[in-house]
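I'd like to ask some things about the structure below.
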Amino acid sequence: TWSVAGLVNNEQPAILNGEVSHAGEDGDVWQDADSPAGSYAVTLTIDNKNYTFTAGETEQTFTAADKLVVKKYTIENVDWAEYADLVYTGGDLYAEKGGAFASAAGVNGDDTLRLGVSIVGADGAEADFIDAGAYTFTATIGDWSDNYELGVTSTHEYTIARAAIELDGVAGYTGTY
C-alpha cells in the first residue's frame, strides 16, 4: 500500500490511478505478488492530469534505501513419505520411487514442494539408496533455493530389506530363505 499528502478537496489516492511496480536486480519488472525473493527498486506511477510529484514528474522511483525486499519463505515442517515395502532390487530405490521422499507446503501457488535429500548409510558416509541396510535422509531445499529456505534440520530413517531368494536345484528339496 502507499499513501500521499497534498490532495485537494478531500480527494482520495485512488484518483491518481497509481500503479506500483518493482524491478529486480536482473531488470525484470513485477507488478504482482508472485515476484521471487530478492531486492527490488520500487516505482510508483500516477496517471492524473491534475497531480504530479513535487519534482513535476508522474513517476517516482524510490532510493536504494527504500528498496522492497522479498524474503525467502522459511519452511519449518518437512513431511516424509512412508515406505514400508523397501526391498533390495539391485536398482536405485530413490530413483525408482521418483525421488518422492521429503516434501513441504509451498506458498503463493507453489502447492507441495518436493524437497531434495542427502543420503548417508549406516557407516555415516554419503551413499546411494541401493543396497540393503539402514539409511538416514536429511531434507535439503533442492530446486527451491530461490524462494525458500529450511528453518529446521529434518531427518528420516529408511531401511532397505534384504531380498528373499529361493533355493532351487537341490534334489528333493525346495525352500525359501
Side-chain angles (χ1 to χ4, degrees), residues 1-4 12-14 18-45 59-163:
T1 63
W2 53 277
S3 62
V4 295
Q12 299 300 308
E19 184 176 282
V20 176
S21 63
H22 41 287
E25 294 169 359
D26 59 2
D28 287 346
V29 176
W30 299 85
Q31 293 177 329
D32 56 31
D34 291 337
S35 52
S39 295
Y40 296 88
V42 178
T43 301
L44 173 60
T45 304
E59 184 173 285
Q60 178 72 48
T61 299
F62 299 91
T63 64
D66 297 322
K67 279 189 176 181
L68 169 69
V69 176
V70 178
K71 293 184 177 181
K72 293 181 180 186
Y73 180 79
T74 302
I75 295 170
E76 297 292 346
N77 186 38
V78 174
D79 297 314
W80 291 95
E82 294 298 327
Y83 293 113
D85 60 344
L86 298 171
V87 177
Y88 175 75
T89 64
D92 183 347
L93 290 178
Y94 180 77
E96 288 178 20
K97 296 292 184 183
F101 284 81
S103 63
V107 294
N108 292 332
D110 282 339
D111 297 322
T112 300
L113 312 176
R114 182 179 295 173
L115 302 176
V117 295
S118 63
I119 305 169
V120 296
D123 63 358
E126 187 175 317
D128 292 323
F129 197 50
I130 297 173
D131 294 328
Y135 296 85
T136 301
F137 282 52
T138 302
T140 65
I141 203 64
D143 294 336
W144 300 99
S145 63
D146 287 348
N147 293 319
Y148 295 89
E149 62 189 5
L150 284 174
V152 295
T153 299
S154 182
T155 62
H156 193 79
E157 302 293 324
Y158 289 100
T159 300
I160 297 176
R162 293 179 180 194

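Scope of the values below: all heavy atoms of this structure, side chains included, with no hydrogens, waters or symmetry mates. For the single chain, residues carry numbers from 1 onward in sequence order.
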Point-to-point distance, once rounded to the nearest 0.5 Å, from CG of N147 to CD1 of I75
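Taking CG in N147 and CD1 in I75, the distance rounds to 10.5 Å.
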
Check A127 against Y135 and note the closest heavy-atom contact, atom names and distance.
CB-CE2, 4.0 Å

Least distance between heavy atoms, I160 atom then D131 atom:
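For I160 versus D131, the nearest heavy atoms are CD1-O, 3.4 Å.
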
How far apart are the closest heavy atoms of L115 and A139, and which atoms are they?
CD1-CB, 4.4 Å

Qualifying residues under side chain to side chain contact (heavy atoms under 4.5 Å, CB included), relative to D92, sequence neighbours excluded
Y94, A95, F129, I130

Apply salt bridge (charged side-chain N to carboxylate O under 4.0 Å, His left out) to D123 and list each qualifying residue two or more places apart in sequence or on a separate chain.
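Per chain and number, D123 pairs via salt bridge (charged side-chain N to carboxylate O under 4.0 Å, His left out) with no residue.
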
Qualifying side-chain hydrogen bond (donor to acceptor under 3.5 Å, both in side chains) pairs, either residue in residues 72-81, two or more places apart:
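The answer is T74-E149, W80-S154.
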
Between L150 and I141, which heavy-atom pair has the shortest distance, and what is it?
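Closest pair (atom of L150, atom of I141, distance): CD1-N, 3.8 Å.
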
Would H156 and F101 satisfy side chain to side chain contact (heavy atoms under 4.5 Å, CB included), going step by step from the backbone distance to the final call?
CA-CA 9 Å; H156 193 79; F101 284 81; over 6 Å; no

Contacts of type side-chain hydrogen bond (donor to acceptor under 3.5 Å, both in side chains), residue E157, not counting sequence neighbours
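Result, side-chain hydrogen bond (donor to acceptor under 3.5 Å, both in side chains) vs E157: T136.
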
What pairs of residues pass the side-chain hydrogen bond (donor to acceptor under 3.5 Å, both in side chains) test when at least one of them lies in residues 109-119, not counting sequence neighbours?
D110-Y148

Quick one: side chain to side chain contact (heavy atoms under 4.5 Å, CB included) partners of A134, sequence neighbours excluded?
T159

For R162 and V87, work out which heavy atoms get closest and say how close.
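So the two residues come closest at O-CG1, 3.9 Å.
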
Closest approach of L86 to Y158 (non-hydrogen atoms, all atoms of both residues)
CD1-CD2, 3.9 Å

